[in-house]
Amino acid sequence: MKLATFNINGIRSRLPALLAWLEREAPDVVCLQELKAPDSGFPEADINRAGYGAIRHGQVSWNGVAILAKDAQPVETRRGLPGDPDDTHSRYIEAAVNGVLVGCLYLPNGNPQPGPKFDYKLAWFERLIAYAKQLLDSGHPVVLAGDYNVVPTDFDIYNPRSWLKDALLQPESRACYARLLEQGWTDALRTRFPDEQVYTFWDYFRQHWERNSGLRIDHLLLNKPVAAMMRDAGVDRWVRGEPHASDHAPAWVVLDLEGAADSTKKTAVKKTALGSTAAAKKSTARSTQATPSKKKTGK
DNA sequence: ATGACGACCTATGGTCGA
């Protein structure tokens, strides 16, 4: 199962690019961020025609997240992070797909810093850390994928010098990301490429794409059951090079749902995948989300 | 310190993103 995250920077403006990528790479699960459209502007019919079920949490102009699943309907388990009922931003949506709990997140940018936007970023991060712990404790296979708006280390950027004051590189932002990892999450891209610089974002300015002046800010975090299933990870860089591209490229991980590295294997995955309290209220839909994708990935 | 680019909106420039 190939699971990807892609900050699309405007779902309507980027629909042709999205469909071309879905066609060429055929990801099984997709987390989208920055829809920049209300739910009424979500091109559900086009996405369905491409063979994907979808759930979305939109908002006018800003933010907006969605989860797509090939030949399946994601079973929504949550929208919005717990911890602040006054938070109006559409930045989190979560679903069960093929027995994996998938959290799709768009962490606040936080610029300019210092200031209220940076405070909001750190507060949102704290809520994420608290909720991520709950997810870990649930024992389910979980992936937290999205645009974290954090460059984890100086190795994750072409040159930190001109970004030193940016919210993405602040020690406070990095400390939050480190604390999240310390809970027991595996950073899929960094684990796959321990010694290589890997980027997922190149801004539109100063020919940064042409010069490969990128940042790694889109991350796929895997809890232990999912980390044991990881077979590959990467970035679909070609997407960034297309005309009229988003400033991000899709990042992905390939999971072997049928042969985890240890002896727990698929029975353990299936057993733990569906019993969550979050999924309980969706019990009528369980059978659809438990159905594996008809088409084998062969991975 | 600013702006480079691009997307969005009861727009025609302001605001936001990263």
Side-chain angles (χ1 to χ4, degrees), chain A residues 5-19 21 31-43 56-66 87-92 104-125 128 145-174 176-177 189 197-219 235 237 239-251:
Chain A
T5 179
F6 184 18
N7 180 319
I8 195 168
N9 190 14
I11 183 80
R12 286 171 295 186
S13 174
R14 215 73 62 199
L15 183 59
L18 173 66
L19 296 176
W21 171 64
C31 296
L32 296 178
Q33 302 87 34
E34 281 214 82
L35 304 179
K36 293 188 174 180
D39 286 348
S40 59
F42 188 78
R56 71 277 185 279
H57 186 201
Q59 178 181 335
V60 175
S61 293
W62 314 119
N63 311 314
V65 285
D87 185 358
T88 58
H89 294 200
S90 298
R91 296 183 176 276
Y92 187 83
C104 170
L105 64 100
Y106 176 47
L107 210 134
N109 170 298
N111 281 310
Q113 74 79 30
K117 293 194 175 181
F118 191 61
D119 295 341
Y120 173 63
K121 174 182 194 146
L122 296 180
W124 204 94
F125 224 143
L128 177 65
D147 179 354
Y148 282 73
N149 269 317
V150 176
V151 176
T153 73
D154 285 352
F155 192 60
D156 298 300
I157 183 169
Y158 65 100
N159 182 352
R161 205 172 48 207
S162 58
W163 295 77
L164 283 177
K165 293 181 178 174
D166 195 282
L168 279 61
L169 277 73
Q170 292 314 297
E172 296 94 328
S173 308
R174 289 177 163 179
C176 282
Y177 189 75
L189 278 175
Q197 292 198 288
V198 179
Y199 305 137
T200 65
F201 166 84
W202 300 257
D203 73 27
Y204 291 119
F205 315 141
R206 296 162 295 203
Q207 295 186 295
H208 274 170
W209 166 246
E210 290 77 3
R211 299 167 192 225
N212 193 31
S213 298
L215 288 66
R216 191 172 75 94
I217 56 177
D218 300 275
H219 308 302
V235 177
R237 288 175 56 103
V239 175
R240 182 61 181 83
E242 294 289 288
H244 200 58
S246 167
D247 39 7
H248 296 248

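So that the names make sense, note that chain A is the first sequence line, chain B the second, and so on, each numbered from 1. We use all heavy atoms of the structure for the numbers below, so side chains are in, but hydrogens, waters and symmetry mates are not.
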Select base, sugar-phosphate, or nothing to describe what A:Glu34 touches, counting heavy atoms under 4.0 Å on all strands.
sugar-phosphate
Categorize A:Asn7 for me: base, sugar-phosphate, or nothing, with a 4.0 angstrom heavy-atom threshold over every strand shown.
sugar-phosphate
State which residue, out of A:Asn149, A:Thr5, A:Asn7, fulfils the side-chain hydrogen bond (donor to acceptor under 3.5 Å, both in side chains) condition with A:Gln33.
A:Thr5
In whole angstrom, give me the gap between the P atoms of B:dA18 and B:dG13.
26 Å
Any chance the side chains of A:Asn9 and A:Tyr204 put a donor and an acceptor closer than 3.5 Å?
yes
Looking just at side-chain N and O atoms, do A:Tyr158 and A:Trp163 make a donor-acceptor pair shorter than 3.5 Å?
yes
B:dG6 and B:dT2: how far apart are their P atoms, nearest whole angstrom?
22 Å
In whole angstroms, how far is the P atom of B:dA18 from the CZ atom of A:Phe6?
13 Å
B:dA18 OP1/OP2 closer than 4.0 Å to side-chain N/O of A:Asn149
yes
Using the ring of each side chain (for Trp, its six-membered ring), is A:Tyr148 parallel, tilted or perpendicular to A:His219, with breaks at 30° and 60°?
tilted
Taking the C1' atom in each of B:dC9 and B:dA4, what is the distance between them to the nearest angstrom?
23 Å
Is the phosphate of B:dC16, meaning OP1 or OP2, less than 4.0 Å from a side-chain N or O of A:Tyr106?
no
N/O-N/O pairs, protein side and nucleotides 4-7 of chain B side, under 3.5 Å:
residue	atom	partner	partner atom	Å
B:dA7	OP1	A:Ser13	OG	3.4
B:dA7	OP1	A:Arg14	NH1	3.1
B:dA7	OP1	A:His244	ND1	3.4
B:dA7	OP1	A:His244	NE2	3.2

Inter-nucleotide P distance (B:dG3, B:dC8), Å rounded:
23 Å
Separation between the P atoms of B:dG14 and B:dA1, rounded to whole Å
23 Å
Classify the angle between the aromatic ring planes of A:Trp202 and A:Trp209 as parallel (below 30°), tilted (30 to 60°) or perpendicular (above 60°).
perpendicular
Contact class for A:Asp203 vs. all strands (heavy atom < 4.0 Å): base, sugar-phosphate, or nothing?
nothing
Ignoring backbone atoms, establish whether A:Asn109 has a side-chain N or O less than 4.0 Å from OP1 or OP2 of B:dA18.
yes
Reckon A:Lys117 touches a base, only the sugar-phosphate, or nothing at all at heavy-atom distances under 4.0 Å?
sugar-phosphate
